[in-house]
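Hydrogens, waters and symmetry mates are skipped; everything else that's a heavy atom, side chains included, is used. Chain identifiers are assigned alphabetically (A, B, ...) following the order of the sequence lines, protein sequences preceding nucleic acid strands; residue numbering begins at 1 within each chain.
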Amino acid sequence: KAGVTQTPRYLIKTRGQQVTLSCSPISGHRSVSWYQQTPGQGLQFLFEYFSETQRNKGNFPGRFSGRQFSNSRSEMNVSTLELGDSALYLCASSPGTHFMNTEAFFGQGTRLTVV
Amino acid sequence: KQEVTQIPAALSVPEGENLVLNCSFTDSAIYNLQWFRQDPGKGLTSLLLIQSSQREQTSGRLNASLDKSSGRSTLYIAASQPGDSATYLCAVTIFSGGYNKLIFGAGTRLAVHP
C-alpha cells in the first residue's frame, strides 16, 4: 500500500512569487491535512480537507489556500511569498470518516525556501 | 485552549539504556494520542496510536501509556540503539470547529551514542 506522496520535495522561490504544493493521500483516505513546520513555531495546523470541502482551518493569513480533488489529492497554494514562509510543509492523510478513525499518516514533506 | 508539552526537549544517552519521554496536555477531552518519530528534514512516521479509552500500546521496543485524567502520556524505549536517534513528537486529536484536528508538542530530540 503506497504511503502519502508529496511533490516536489524541495523548492526555492523568490519573495512575491506564488507556489503550489501537491499531496496524494493513501488510497481510500478521504481526509487530507496540511501543516507548516518551522524551528521557531514547531508544527502548526494549516487546514483540513475532506471530500473536496475544507472542514477546518488554522490561524494563517489568506495567502495560504488549498483545495482537494475528487480523487482526494490535495494542493496547497501560497501567494505573495514572504521570507517567513520558508518551512517544511507536511501533508497528513487519514480515513477521516469517524472520530475514532483519525490515525494520521504523514508524507515526507516539501521543503520550501523563499529567498 | 489545548496545549501539548514535551519534556525533556533534548536527551543524550548511551546505547542500551532504557528511557522515558514525557508528554502532557492541558485538556483531557481528547479522542486519541499519537507518538511520531521525525528524522532530520523528513516527514513524520507514526509509532503508536492510543485511543482515549485505552491505557497503553506496545510495538516492539516501544511502549506508550496514556493517563487521560491527569493529561499525561509517556513513551518508553527499551534497550535504545543509535538508530533510535531522532525527534519524537506527541500529538493529541481534539474536536475543534466541528471537526478533529491534531495538536502537536514541540518534540524531544533524542541522541543515542554508541
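- In this structure a side-chain-to-backbone donor-acceptor pair under 3.5 Å is missing from B:Q34 to A:E103.
- Both B:Y88 and B:V13 belong to a common hydrophobic cluster when Ile, Leu, Val, Met, Phe, Trp and Tyr are linked at side-chain heavy-atom distances under 4.5 angstrom.
- Taken together through direct or relayed side-chain contacts under 4.5 Å among Ile, Leu, Val, Met, Phe, Trp and Tyr, B:I94 and A:F47 form parts of separate hydrophobic clusters.
- Considering all non-hydrogen atoms of both residues, B:S46 and A:A104 come closest at CB-O, 4.0 Å.
- Under the 4.5 Å side-chain heavy-atom criterion for ILVMFWY residues, no single connected hydrophobic cluster contains both B:F36 and B:L62.
- Heavy atoms closer than 4.5 Å to chain B are found in the side chain of A:Q37, but not in its backbone.
- Side-chain heavy atoms closer than 4.5 Å link hydrophobic residues (I, L, V, M, F, W, Y) into clusters, and following such links, even through other members, never connects B:I103 to A:Y89.
- Taking CG of B:L44 as the start and SG of A:C91 as the end, the distance is 12.0 Å to the nearest 0.5 Å.
- Atom CG of A:N71 has more than 12 neighbouring heavy atoms from other residues, nucleotides or ligands inside a 6.0 Å radius.
- No path of Ile, Leu, Val, Met, Phe, Trp and Tyr side chains, each step under 4.5 Å between heavy atoms, connects A:L21 with A:Y35, placing them in separate hydrophobic clusters.
- Scanning both residues, B:K42 and A:L88, for their nearest heavy atoms gives O-CD2, 3.7 Å.
- Using a 4.5 Å heavy-atom cutoff, the side chains of B:L102 and A:L43 are not in contact.
- The shortest heavy-atom contact between A:L90 and B:G43 is CD2-CA, 3.7 Å.
- Residues B:K101 and A:R55 have side chains not in contact (no heavy-atom distance under 4.5 Å, counting atoms from C-beta outward).
- Here A:F45 and B:F104 keep their ring centres 6.0 angstrom or further from each other.
- For B:R109, the CZ atom is loosely surrounded, since the number of other residues' heavy atoms within 6.0 Å does not exceed 12.
- Contacts between B:L89 and chain A at a heavy-atom distance below 4.5 Å involve the side chain alone, from C-beta outward.
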